[in-house]
Structure formats: C-alpha cells, structure tokens
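So the structure is just underneath, and the comments pick up after that.
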Amino acid sequence: MKVSEYFIFSLREPPRDAESKSHILMMRGGFIKRIAAGIYSFTPIGFKIIKNIEKIIREEMERINCYEVQLPLLTPAELWQETGRWDTYGKELFRLKDRNERNFCLAPTHEEIITDLVRFAVKSWKQLPFSLFQIGQKYRDEARPRFGIIRAKEFIMKDAYSFDRTEEEAKNTYKKFFDAYCRIFDRLKLDVIPVEAAVGAIGGKFSHEFIFFTDYGEDKVMICNSCSFISKKEISSFFLDTDKLLNEIKSKMETIPSKQKVYTPSTTTVESLSEYLKVPISQIIKSFFVETQSGKHILALIRGDRQISEDKLKLVIKEDFKLADEIKVREIFGAGKGFIGPLNFKGRIIADKTILTCTNGIVGADEDDYHFINIIPGRDFEISEIHDIALAEEGDICPNCKKGTLKERVGLELGHIFYLGEKYSSPMRLEFTDKDKNKRYVIMGCYGIGISRTASAIFEKYGEGENSVVLPYEIAPFKVHIIPINTKDDVIFSTAMKIYSELKDVAIIDDRDDTSPGEKFADCDLWGAPIKIVVGKLLKEKGKVEIIYRHERKREEMRPEEINEKILPYILSQPAPKGSP
RNA sequence: CGGGGCAUAGCUCAGGUGGAAGAGCGUUGGCCUUGGGAGCCAAAGGUCGCCGGUUCAAAUCCGGCUGCCCCGACCA
C-alpha cells in the first residue's frame with residue numbers, strides 16, 4: 001500500500017476523551033474513530049487488525065470442526081420471551097419496535113437465535129454432535145461504556161455454540177473449545193489465563209473466563225502467591241479452619257458472660273456501631289435479610305468487616321434473590337435494617353464461616369437502637385448452616401494449598417466459555433430422538449471471544465507510551481513500513497519503490513513527497529508495523545538500507561537486493577515478539 | 001443510576017472585572033528543506049454545545065437541557 005493512495009491518518013496529540021493506553025494509541029494511530037459513547041468506526045488499518053484477529057479465530061474454529069454461520073442482529077421479541085430473557089435481561093437489551101409496533105431487540109448474544117435455527121433441522125441423534133460459530137456485531141446498552149472499545153455498546157464478537165447428545169459428549173466438546181481458546185490467545189501473543197467464573201446472565205452449569213491482565217481491566221481475580229490457584233473474585237473461596245474455630249468457640253462458651261442488651265442509638269452501619277461501642281468491626285455480626293425469587297426469606301450472617309458475595313450466596317440458595325426492603329424487614333423483625341439479628345429469627349439462617357471468629361460478637365437486638373453484646377454463635381443462636389458466602393479479600397489464605405495468600409489483580413475478560421446443559425434447549429424444546437427412541441434435550445455450550453476488545457488488549461500490551469506501538473506479526477495491518485527519506489531524490493525513491501514492489505503484499509510505503517522525515521517516523525511508530533525499512537543517506541554512502549526490527553530493537557544494514565530473500569522468510573517464520581507485561 | 005470534571009476553529013487548548021473571537025498544530029497557495037511531527041510568506045476557517053433569562057450589550061452572569069470523560073453501582 002502506498003500512503004499517498006490510502007485512507008490513513010494520525011493525530012498529533014492524544015484526543016481529549018481518551019485516557020487508557022490502548023484508547024489513546026488506537027485514536028492517535030487512526031485505527032478507530034468515536035461516533036458516540038461506546039460506538040466506534042474502524043478505519044482501513046483498524047479493520048485490518050480486526051480481520052487479522054478473525055483469521056486466527058476462524059482457523060482455530062475450523063480446526064475443531066466448528067462451522068461458520070451468520071445470524072441476524074435484529075431479532076423478534078418472541079424468541080426472547082420463550083426463554084424469559086426478554087424480561088430478565090433488563091436495561092442492557094436494546095429494544096425497538098417496527099412500523100407495526102412489533103417488539104424487537106438488537107441481539108446482545110445469540111443463544112435463542114441459534115437454538116431456533118438448530119431446532120428447525122435437528123430431529124435425530126444421527127445429526128449430532130456439531131458446533132457452529134459466527135463473527136459479528138453485538139449490542140449491549142452498557143450503563144457505562146469505557147476505555148474506547150474495551151467496553152462498548154456495539155462491539156465485535158465471535159460466538160460459538162455446541163450441540164451434543166450427552167453430558168459426557170458435551171464436556172468433551174467444552175474441553176475442545178477450551179484448548180482451541182488457549183491456542184487462539186497463544187497465536188494472538190497475549191498472556192491470557194483461564195479462570196473459573198460465575199455463569200451470570202448467560203446461565204448454565206459452569207464456565208471459564210479467559211482473562212488478560214492489565215491496568216485498564218474491569219474484572220477482579222484472586223491469585224495465590226504460592227500455588228496455581230486462580231479464581232474470579234466474586235466466586236473465589238478462601239481458607240478458614242472452621243473445625244479449629246468451632247473448637248475455640250466451645251472453649252469460650254463458659255468464659256464469655258451471657259448476652260447483654262445495650263443501647264446503641266442510630267448505629268445503622270457497622271462503622272458507626274463499632275465507633276460507638278469502641279470495638280473492632282470484626283466483632284460485629286452483620287445480618288442480611290434476603291427475599292428469594294420464589295418468595296422465601298433467608299437471613300445471611302457475615303462478619304462486620306466482610307462483604308457478602310452475591311454470586312456465592314446464589315450458589316448456596318440455588319435461586320435468584322434480592323435484599324428485602326425496609327417494610328418487609330420491619331414486618332418480620334420489628335426493627336429497622338441495622339438492628340436486626342439472628343436471635344429470634346425462625347427461618348433459614350445461612351452463616352458465613354467468618355462469623356466463627358466472633359466469639360465475643362455483637363448482633364442486632366430486633367429492636368431499634370439496641371444491640372446485643374457477648375454473643376457466641378452456637379450458644380446464643382443456632383448455626384445449622386455454615387457456608388462460604390464471603391467475598392475473598394487480598395491477604396486471605398489460599399483455599400487450595402492453605403499456605404499461600406491471595407492477591408487481587410485486575411484483568412480483562414477476552415473470552416468466556418459456558419457449559420449450558422439444557423438451559424436453552426429445554427425452554428425452546430430443542431429435542432432429538434436417541435437410539436432408544438427416547439426424546440432428549442440437546443446439551444449445549446456457548447463460547448465467546450470479544451474481538452474488538454482483544455484488539456484493545458493487544459494495544460495495551462504492545463503499546464509503548466502514547467507515541468508508539470509494535471504489533472505482533474499476525475496482527476499488524478502491515479508487516480513492513482518503508483520510509484524513503486527524500487522522495488525527490490531519484491536514487492532513494494526508486495530504490496524504496498523497488499523494495500516495496502517486492503514486498504507489496506505485506507508492506508506500506510510512505511511515498512508522500514510533502515512530508516518531512518520526522519513526520520514519517522512518527523507515523524511509522526503509530527501504525528504498528530514490526531519491521532521498518534529506511535532508505536536514506538546510507539544508500540548514498542554505502543549502497544545500503546536500514547532494517548529495524550522493532551520488536552527486537554535490532555538494526556541491520558543490508559544491500560537493497562538482499563531484502564527480498566531475507567525479509568520475507570523472516571516474516572513468514574513469525575518470530576515471537578519479545579517482552580511480556 | 002449516584003458522585004466529580006469538561007464543552008470556544010478540523011485537532012489540542014487559551015481567554016472570561018459583560019463592550020470587535022485568540023494561539024499552536026493542521027488545511028489551501030507560494031518559497032525553502034529532507035534522518036524524528038523543520039522554517040519563512042500569505043490565506044481560508046467560528047451559531048464560543050443547545051434552549052431560555054438578566055442587560056443598551058452575553059462566549060463571559062443566572063436557570064434548564066444535552067453530549068463526552070473519570071470514579072463508583074451495574075455488567076458474558
């Protein structure tokens with residue numbers, strides 16, 4: 001490509017509305033252009049990056065016999081009502097009506113659409129298993145789009161869906177995708193780690209997120225500093241020796257004086273209570289009263305300095321829930337939030353194991369402005385259910401090796417795979433007849449990669465400050481960037497053009513004759529080619545040109561006629577870029 | 001959805017006690033120059049986000065709105 005004939009540009013200064021490294025670099029290099037919050041256009045070089053990522057993904061999907069389809073973005077409400085997601089997906093779903101007032105939405109994901117396609121055709125066990133994928137836009141009305149295309153309202157995604165006959169078969173398929181994902185991120189030259197994750201709105205039985213660690217991430221992960229344990233923060237467990245704690249409690253039953261009601265006016269938060277009573281927050285037992293989707297009431301107890309993980313609590317309760325409102329709390333406990341406790345509650349109590357350290361605890365007295373002190377769990381109230389529902393914190397003991405401590409890191413979720421089971425095939429009646437003439441639901445899985453987000457991740461990793469990025473060979477829009485220093489010098493320019501004609505398929509040449517060398521170098525840094533060829537004074541002095549391998553920070557002098565035989569094989573060998581974050 | 005910030009030329013930003021709209025870069029034409037966004041001359045380029053109010057007079061003061069960015073909540 002010749003710069004003079006191409007649509008390509010750069011920004012001299014970082015744009016006002018960009019802050020993260022990838023966003024700044026993608027804007028400055030002219031890869032993307034914002035059109036509204038979370039909505040971007042891709043320029044020719046920006047789109048080349050997307051297509052290069054897609055190429056890798058397509059090859060790896062084909063390798064596991066996953067076939068490409070194209071599903072509509074505009075989808076009728078009826079399909080979403082079949083699974084209930086029309087109501088449960090909430091504000092994130094972009095809803096619209098056609099001229100006949102019929103409801104539609106822009107698809108945020110495609111489980112319903114693909115299930116609709118497959119159920120139309122699949123009837124027999126002989127047609128299974130198989131899997132399908134597509135690459136295309138997704139729409140989510142994000143409350144807060146962020147960091148350029150890292151979190152956008154419209155984004156590009158690869159989503160795949162698998163259809164199996166048995167759980168065992170489906171688990172094998174899941175493993176195949178898991179391995180394919182590892183290969184994909186490997187080829188993308190990104191350090192991405194599979195992490196066990198909560199299933200969220202997609203649902204299903206289990207899932208893995210593929211996390212890329214970076215400063216501008218939005219996902220929190222807990223990692224052990226001594227073993228290989230790693231987990232999403234919201235579902236991460238941590239080690240507490242409950243047996244030991246229970247024994248300690250027994251030994252204190254006699255020594256701690258009996259419970260005593262104390263006046264604690266207006267102490268509706270653990271902080272204010274701890275200050276008023278001059279005791280550590282960790283001595284307080286917090287009570288959360290929740291109402292489940294099916295209308296059950298459950299009291300969850302946790303130590304004052306800890307937070308409940310809603311995802312972990314959900315795993316215990318096995319259904320959705322919300323915090324009960326003030327009216328309900330008053331109806332059941334006769335006191336407001338902040339003054340309720342487990343002493344008189346007759347329903348199900350789920351205690352987090354952290355409260356076992358509260359051997360001289362404090363709980364609400366079920367009476368406004370009063371708490372009880374000298375509370376021992378198991379003595380003053382029954383603890384029939386001890387679970388792990390607390391959010392893990394940095395410094396907690398690793399639940400796996402029980403030796404290391406957990407550290408928190410932020411990352412970006414680039415991929416997410418789900419074992420769905422019958423979550424969609426059952427409500428949408430995707431059935432097949434097995435060998436024994438029994439009707440069965442197809443076992444499904446789904447597998448996503450955020451392609452535009454992955455592009456951002458590459459800029460986060462390979463960006464160097466605000467002025468330069470060196471892209472991996474398989475990703476870069478151009479592998480070689482040729483700079484003739486002086487286009488008006490016939491020898492220099494014709495030599496540069498000759499080199500360009502030999503490398504045409506992988507190269508861009510900056511043939512602009514009105515542009516200073518400094519500007520060409522600056523643009524070269526921003527446009528990301530891993531190899532830079534400079535044709536200038538060295539040609540006059542020694543008859544040579546300069547090759548700069550930007551990843552390796554290596555410089556070589558070469559006669560122009562050597563280039564073809566040396567550079568192309570070098571590019572084809574796709575050397576692994578140096579450095580890791 | 002809560003909190004904070006910003007909005008003036010294509011871009012990055014000054015200005016502001018109310019009284020003729022500014023710079024740098026970019027663009028166009030001319031010259032000069034060719035190893036890190038170089039220099040000189042000339043020119044074009046604006047509804048100072050929108051609506052309303054105060055005033056003889058508003059980019060500037062007041063009220064409302066919108067958009068964008070950041071923190072948080074939310075979120076495959």
Side-chain angles (χ1 to χ4, degrees), chain A residues 9-20 23-24 27-28 30 33-39 85 88-93 107-111 138-148 150-153 155 157-161 195 197-204 206-211 216 218-220 232 234 310-311 412-420 423 445-450 453 466-468 483-489 492-493 496 510 512-526 532-541 545-546 548 555:
Chain A
F9 56 90
S10 63
L11 305 182
R12 182 177 290 249
E13 287 163 283
R16 192 212 316 252
D17 52 10
E19 180 143 321
S20 66
H23 192 192
I24 290 173
M27 292 288 286
R28 282 205 62 201
K33 152 82 173 70
R34 190 182 61 77
I35 193 160
I39 306 176
R85 286 209 291 183
T88 57
Y89 215 102
K91 287 186 180 172
E92 288 224 337
L93 197 59
T109 173
H110 278 83
E111 285 81 11
K138 292 280 180 281
Y139 295 86
R140 289 180 197 173
D141 194 359
E142 293 283 354
R144 174 136 109 90
R146 255 206 274 215
F147 307 142
I150 284 182
R151 179 164 181 176
K153 292 198 178 198
F155 57 99
M157 184 168 179
K158 187 277 316 189
D159 47 324
Y161 305 88
V195 178
V199 292
I202 301 282
F206 54 90
S207 84
H208 283 87
E209 285 186 21
F210 288 77
I211 299 281
Y216 286 96
E218 1 194 64
D219 294 274
K220 290 176 178 161
K232 285 302 293 293
E234 62 259 24
E310 292 194 14
D311 287 290
L412 258 187
E413 171 194 347
L414 298 184
H416 200 160
I417 61 179
F418 298 81
Y419 179 93
L420 294 173
K423 160 110 182 161
C446 76
Y447 316 86
I449 293 180
R453 179 180 281 184
E466 293 185 352
N467 300 314
S468 175
I483 300 179
I485 293 295
N486 184 353
T487 49
K488 298 201 168 97
D489 183 307
I492 287 176
F493 190 63
D510 198 338
R512 291 175 293 183
D513 56 12
D514 58 350
T515 306
S516 70
E519 192 169 343
K520 291 182 180 178
F521 284 124
D523 280 341
C524 173
D525 291 347
L526 284 169
K532 171 163 68 175
I533 298 181
V534 183
V535 186
K537 64 184 177 200
L538 208 63
L539 188 69
K540 301 281 180 146
E541 292 164 5
V545 299
E546 286 166 88
I548 290 102
R555 186 179 163 279

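Chain letters run A, B, ... following the sequence lines, proteins first, then strands; residues in each count from 1.
- Pairing partner, B/C6: B/G67, with both Watson-Crick or wobble hydrogen-bond distances short of 3.5 Å.
- Between B/U28 and B/G18, the two P atoms lie 41 Å apart (nearest whole Å).
- The CD1 atom of A/I485 sits 17 Å away from the P atom of B/U33 (whole-angstrom rounding).
- Between A/I483 and A/P517, the closest side-chain pair of non-hydrogen atoms is not below 4.5 Å.
- Across B/G35, B/C69, B/A73, the shortest atom-to-atom separation from the side chain of A/A37 is found for B/C69.
- A heavy-atom distance below 4.5 Å is not found between the side chains of A/I485 and A/K520.
- Across the strands present, B/U33 finds no partner; the criterion is a Watson-Crick or G-U wobble pair with both atom distances under 3.5 angstrom.
- Atom NZ in A/K153 sits about 10 Å away from atom P in B/C69, given to the nearest Å.
- In this structure, the nucleotide among B/U34, B/G35, B/C68 sitting nearest to the side chain of A/L538 is B/G35.
- Listed by chain and residue number, A/E209, A/D219, A/E234 satisfy the side-chain hydrogen bond (donor to acceptor under 3.5 Å, both in side chains) test with A/K232 (two or more places apart in sequence, or in another chain).
- The separation of B/G49 from B/G67, taken at their C1' atoms, amounts to 7 Å, rounded to a whole angstrom.
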Which atom pairs link the protein and nucleotides 24-30 of chain B when you take only N or O atoms and keep those under 3.5 Å?
unit_1, atom_1, unit_2, atom_2, d
B/C25, O2', A/R12, NE, 2.8

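- At a threshold of 4.0 angstrom between heavy atoms, the contacts of A/D525 include nucleobase atoms, whether or not backbone atoms are also involved.
- Side-chain N/O atoms of A/D159 and A/Y161 include a donor and acceptor closer than 3.5 Å.
- Spacing between atom CD1 of A/I483 and atom C1' of B/G35 amounts to 10 Å, rounded to whole angstrom units.
- Nearest-nucleotide assignment on RNA chain B puts the 5′-proximal partner with A/D17, out of A/D17 and A/E413.
- At a cut-off of 3.5 angstrom, counting only N and O atoms as typed in the model, there is a donor on one side and an acceptor on the other between the side-chain of A/K532 and the base of B/G36.
- A/R512 comes within 4.0 angstrom of no nucleic acid atom, judged by non-hydrogen atoms across all strands.
- Residue-level contact check: A/S10 touches the bases, meaning some heavy atom is under 4.0 Å from a base atom.
- Taking the C1' atoms as reference points, B/A58 lies 11 Å from B/C48, given to the whole Å.
- If you check B/A42 for Watson-Crick or wobble pairing at under 3.5 angstrom, you find it paired to B/U28.
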### Message
Go through it in stages, so that I can follow the logic: the residues are A/R85 and A/E111, the test is salt bridge (Lys or Arg N to Asp or Glu O under 4.0 Å), and I'd like the CA-CA distance, side-chain angles, deciding distance and then a yes or no.
### Response
CA-CA 11 Å; A/R85 286 209 291 183; A/E111 285 81 11; 2.8 Å; yes
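- Contact annotation: the side chain of A/H416 never approaches that of A/C446 to less than 4.5 Å [non-hydrogen atoms, C-beta and beyond].
- Taking 4.5 Å as the limit, some side-chain heavy atom of A/V534 sits within range of a side-chain heavy atom of A/F521.
- Protein atom CD1 of A/I533 is 16 Å distant from nucleotide atom C1' of B/G35, rounded to whole Å.
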### Summary
B/S/- along nucleotides 41-46 of chain B (protein heavy atoms under 4.0 Å) is ------
### Query
When you look at A/T109 and A/Y89, which way does the side chain to side chain contact (heavy atoms under 4.5 Å, CB included) test go after all the steps?
CA-CA 11 Å; A/T109 173; A/Y89 215 102; 4.2 Å; yes
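- B/G72 is paired with B/C1 under the criterion used here, namely a Watson-Crick or G-U wobble arrangement in which both key atom distances are under 3.5 Å.
- Between B/C40 and B/U33, the two C1' atoms lie 11 Å apart (nearest whole Å).
- The side-chain hydrogen bond (donor to acceptor under 3.5 Å, both in side chains) check on A/H110 picks up A/Q134, A/K138, with sequence neighbours excluded.
- Residue-to-nucleotide contacts include a donor-acceptor pair under 3.5 Å from the side chain of A/R151 to the base of B/C75.
- Listed pair A/R146 / B/A73 fails the phosphate criterion, with no side-chain N or O lying under 4.0 Å from OP1 or OP2.
- Counting any heavy atom pair closer than 4.0 Å across all strands shown, A/P14 reaches sugar-phosphate atoms only and no base atom.
- Listed by chain and residue number, nothing satisfies the side-chain hydrogen bond (donor to acceptor under 3.5 Å, both in side chains) test with A/N486 (two or more places apart in sequence, or in another chain).
- Listed candidates were B/C70, B/U12, B/U34. Nearest to the side chain of A/E19 is B/C70.
- With both ends at atom C1', the span from B/G52 to B/G46 equals 22 Å, rounded to whole Å.
- For the pair A/K540 NZ and B/G35 P, the computed distance is 12 Å after rounding to whole Å.
- No donor-acceptor contact under 3.5 Å links the side chain of A/K537 to the base of B/U34.
- Side-chain contact check for A/L539 versus A/I492: some heavy-atom pair is nearer than 4.5 Å.
- Using a 4.0 Å heavy-atom distance criterion, A/E234 is classed as making no nucleic acid contact.
- Annotation: side-chain hydrogen bond (donor to acceptor under 3.5 Å, both in side chains) contacts of A/R453 (sequence neighbours excluded): none.
- The partner of B/A58 cannot be assigned: no Watson-Crick or G-U wobble pair with both contacts below 3.5 Å exists in any strand.
- A/K520 comes within contact range of no nucleotide atom at all, as no heavy-atom separation falls under 4.0 Å.
- Residue whose closest nucleotide on RNA chain B sits further toward the 5' end, between A/K488 and A/E310: A/K488.
- Heavy atoms of A/L526 sit under 4.0 angstrom from at least one base atom.
- Only the C1' atoms considered, B/A23 is 7 Å distant from B/A14, to the nearest whole Å.
- Within 4.0 Å of A/A522, counting heavy atoms only, lies at least one base atom of the nucleic acid.
- Using a 4.0 Å heavy-atom cutoff across all strands shown, A/F147 reaches sugar-phosphate atoms only and no base atom.
- A/K91 has its NZ atom 14 Å from the P atom of B/C74, to the nearest Å.
- Comparing B/C31 with B/U8, their C1' atoms sit 33 Å apart, to the nearest whole Å.
- Spacing of C1' atoms, B/C1 relative to B/U47, comes out at 34 Å, to the nearest Å.
- Distance, A/E142 CD to B/C70 P: 13 Å, rounded to whole Å.
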### Query
Does the pair A/D510 and A/R512 meet the rule for a salt bridge (Lys or Arg N to Asp or Glu O under 4.0 Å), with working shown?
CA-CA 6 Å; A/D510 198 338; A/R512 291 175 293 183; 2.8 Å; yes
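- Applying the 4.0 Å criterion to OP1 and OP2 of B/G2, one finds that A/R144 has every side-chain N and O outside that range.
- Each of B/G36, B/A73, B/C71 was ranked by its minimum atom distance to the side chain of A/F521; first place goes to B/G36.
- Following rounding to the nearest Å, A/N486 (CG) and B/G36 (P) show an atom-to-atom distance of 13 Å.
- For A/R34, the listed nucleotide lying nearest its side chain is B/C68; candidates were B/C1, B/C68, B/U12.
- For the pair A/I533/A/E546, no side-chain contact is recorded, criterion being any heavy-atom separation below 4.5 Å from C-beta on.
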